[in-house]
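Reading through the structure tokens given below for one structure.
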Amino acid sequence: MRRREFLSLSVGAAVGWPLTAHAQQRKVPIIGVLVVGAPGWEQFWRLFRGDMAELGYIEGQNVRYEFRSDQGQISRLTELAAELVQLHVDLIVTWFTPAAQAAKVATRDIPIVMALAGDPVATGLVDSLSRPGGNVTGMSGVNAQLGGKCVELIREMLPSAHRVVALANAPDPFSKPFVEQIRAGGTAVGIVIEARILSRAEELEAAFLDMDKERPDAIIVQPSLPTKRAAELAAKYRIPTISTLRSFAEQGGLMSYAAVLPYLYQRAAVYVDKILKGAKPDNLPVEQPTQFELIINMKTAKALGLTMPSSLLTRADDVIE
């Protein structure tokens with residue numbers, strides 16, 4: 001090879017190498033995160049990022065998050081979901097059913113991973129658990145047995161109970177199956193279930209005031225409602241109340257029976273990792289919870305003048321004194 005040709009090839013290689021190396025640099029994925037501003041979202045956000053870090057995704061280095069919260073106004077979710085789509089995020093992680101619904105309406109192409117959603121088949125988020133059939137997959141945090149289990153716990157706590165109110169959140173697509181599950185549980189144990197559907201969170205106080213006129217034996221609160229305020233009102237009107245969110249009992253509610261959420265968040269991070277590495281959402285079956293926990297707030301029980309059965313206290317995963 002002549003010297004001039006050699007120099008030409010060397011220069012070409014020197015110029016081409018940085019361009020090739022730049023082209024081979026991995027694109028930093030952008031993950032949109034959409035949450036309902038209900039109690040518990042802070043824990044989800046903290047644990048999920050920690051789970052992602054354990055999988056090697058370090059914020060600011062090889063992953064970027066675009067976080068959006070409706071701040072307690074579910075009507076904002078549609079706008080926030082559209083905003084994430086306009087940012088061309090690679091994937092959207094959702095917390096609570098209304099967020100997943102808003103994301104699904106906003107895009108049929110961007111993968112959506114539910115970190116927590118109520119009965120995604122009943123709400124139309126997926127075709128089936130084994131074959132989601134679209135761009136949505138992830139974790140089903142509430143299955144068909146959970147509502148019925150709450151009714152069973154009320155019966156065990158108050159054997160004389162005959163009327164229970166299911167306090168539901170109309171803007172949440174899970175409100176219908178939530179009430180249906182509780183009604184089925186009521187039929188099984190001989191308890192009449194009265195559904196009270198709130199169109200806005202602001203109606204919560206009026207609902208409790210109205211219930212005070214004809215007091216139910218107990219109330220089951222849908223977790224997408226302001227559960228902390230519900231616990232406070234239940235204490236004020238001295239009505240035993242249960243919800244399917246652990247933080248409800250921690251905030252003063254009498255009991256909570258719910259899936260172990262940290263495990264679901266960990267699995268959601270695994271699904272995100274799989275999708276970023278090429279897996280398709282419709283090939284990833286939706287997972288249901290297998291671990292549940294019963295939390296009893298004894299301080300609230302004493303304030304209500306209730307004697308909790310030893311059978312319940314023995315089974316409780318946590319008793320708040």
- Task: List the steps, then state whether salt bridge (charged side-chain N to carboxylate O under 4.0 Å, His left out) holds for Glu180 with Arg183.
- Result: CA-CA 5 Å; Glu180 289 174 352; Arg183 279 184 170 145; over 6 Å; no
Problem set entry | Criterion side-chain contact (heavy atoms from CB on, under 4.5 Å) on Ile275 and Thr137, from CA distance to verdict | CA-CA 10 Å; Ile275 292 172; Thr137 187; 4.3 Å; yes
Q.
With side-chain contact (heavy atoms from CB on, under 4.5 Å) as the criterion, how do Val93 and Tyr65 come out once you've worked through the C-alpha distance, each side chain's angles and the decisive distance to 0.1 Å?
A. CA-CA 10 Å; Val93 177; Tyr65 296 110; over 6 Å; no
Evaluate Leu306 against Leu158 for side-chain contact (heavy atoms from CB on, under 4.5 Å), listing each step before the verdict.
CA-CA 9 Å; Leu306 293 173; Leu158 295 170; 3.9 Å; yes
Carefully, step by step, assess Lys149 and Phe292 under the rule side-chain contact (heavy atoms from CB on, under 4.5 Å). CA-CA 11 Å; Lys149 185 64 177 179; Phe292 300 89; over 6 Å; no
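Under the 4.5 Å side-chain contact rule for hydrophobic residues, Met255 and Phe178 share a cluster. The hydrophobic cluster containing Phe208 does not contain Ile193, counting ILVMFWY residues as joined when their side-chain heavy atoms lie under 4.5 angstrom apart, directly or transitively. Hydrophobic clustering, with ILVMFWY side chains joined whenever heavy atoms are under 4.5 angstrom apart, groups Leu264 together with Tyr57. At a threshold of 4.5 Å between side-chain heavy atoms, the hydrophobic network of Ile, Leu, Val, Met, Phe, Trp and Tyr places Leu77 and Phe67 in one connected group. When the side chains of ILVMFWY residues are joined at heavy-atom separations under 4.5 Å, either directly or via intervening members, Leu198 and Leu245 end up in two distinct hydrophobic clusters.
Evaluation of the ring-ring contact (aromatic ring centres under 6.0 Å, His included) rule for Phe48 yields Phe44 as partners, not counting sequence neighbours.
Distance check, rounded to the nearest 0.5 Å: CE of Met298 to OG1 of Thr307 gives 8.0 Å. To the nearest 0.5 Å, atom CE of residue Met52 and atom CD of residue Glu59 are 10.0 Å apart. Distance check: Leu204 CG to Leu225 CG gives 6.5 Å after rounding to the nearest 0.5 Å. Note that OG1 of Thr94 and CG of Leu125 are 7.5 Å apart. Values are rounded to the nearest 0.5 Å. In this structure, Leu146 CG and Gln288 CD are separated by 11.0 Å, a value rounded to the nearest 0.5 Å. Taking CE from Met211 and NZ from Lys213, the interatomic distance works out to 12.0 Å, rounded to the nearest 0.5 Å.
The side-chain heavy atoms of Cys150 and Ile182, taken from C-beta on, include no pair separated by under 4.5 Å. Side-chain contact between Gln43 and Arg246 is absent, with no heavy atoms from C-beta onward closer than 4.5 Å. Using a 4.5 Å heavy-atom threshold, the side chains of Asp172 and Gln222 count as touching. Counting heavy atoms from C-beta outward, Ser160 and Asp217 have side chains that stay 4.5 Å or more apart. The closest side-chain heavy-atom distance from Ile154 to Pro240 is not below 4.5 Å. A heavy-atom distance below 4.5 Å is not found between the side chains of Phe96 and Val35. Residues Ile74 and Asn169 are in side-chain contact: their nearest non-hydrogen atoms beyond the backbone lie under 4.5 Å apart. Side-chain contact check for Leu34 versus Ile112: every heavy-atom pair is 4.5 Å or farther apart.
Atom CZ of Arg76 sits in a crowded spot, with more than 12 heavy atoms from other residues, nucleotides or ligands closer than 6.0 Å. No more than 12 heavy atoms of other residues, nucleotides or ligands sit less than 6.0 Å from atom CZ of Arg131. Other residues, nucleotides and ligands contribute only 12 or fewer heavy atoms inside 6.0 Å of the CD atom of Glu214.
Minimum heavy-atom separation, Met114 to Ala268: O-CB, 4.4 Å. Closest approach of Thr107 to Asn135, counting heavy atoms only: O-ND2, 3.0 Å. The minimum heavy-atom distance linking Thr97 with Gly118 is given by the pair OG1-N, 2.8 Å. Nearest heavy atom pair, residue Ala115 against residue Met139, reads O-CB, 3.6 Å. Val28 approaches Asn62 most closely through the heavy-atom pair CG1-C, 3.7 Å. Closest non-hydrogen pair, Glu321 versus Lys299, comes out as C-CB, 4.2 Å.
Side chain of Arg155 to backbone of Ala161: a donor-acceptor contact under 3.5 angstrom is found. Proximity of a side-chain donor or acceptor of Asp90 to a complementary backbone N or O of Ile30 within less than 3.5 Å is detected. Looking at Arg200, its side chain never comes within 3.5 Å of a backbone N or O of Ala170 through a donor-acceptor pair. Thr123 places no side-chain N or O within donor-acceptor distance of the main-chain N or O of Phe174, the cut-off being under 3.5 Å. At least one donor-acceptor pair under 3.5 Å links the side chain of Arg215 to the backbone N or O of Tyr237. Panel note: side chain Ser243, backbone Thr241; no donor-acceptor pair is recorded below 3.5 Å.
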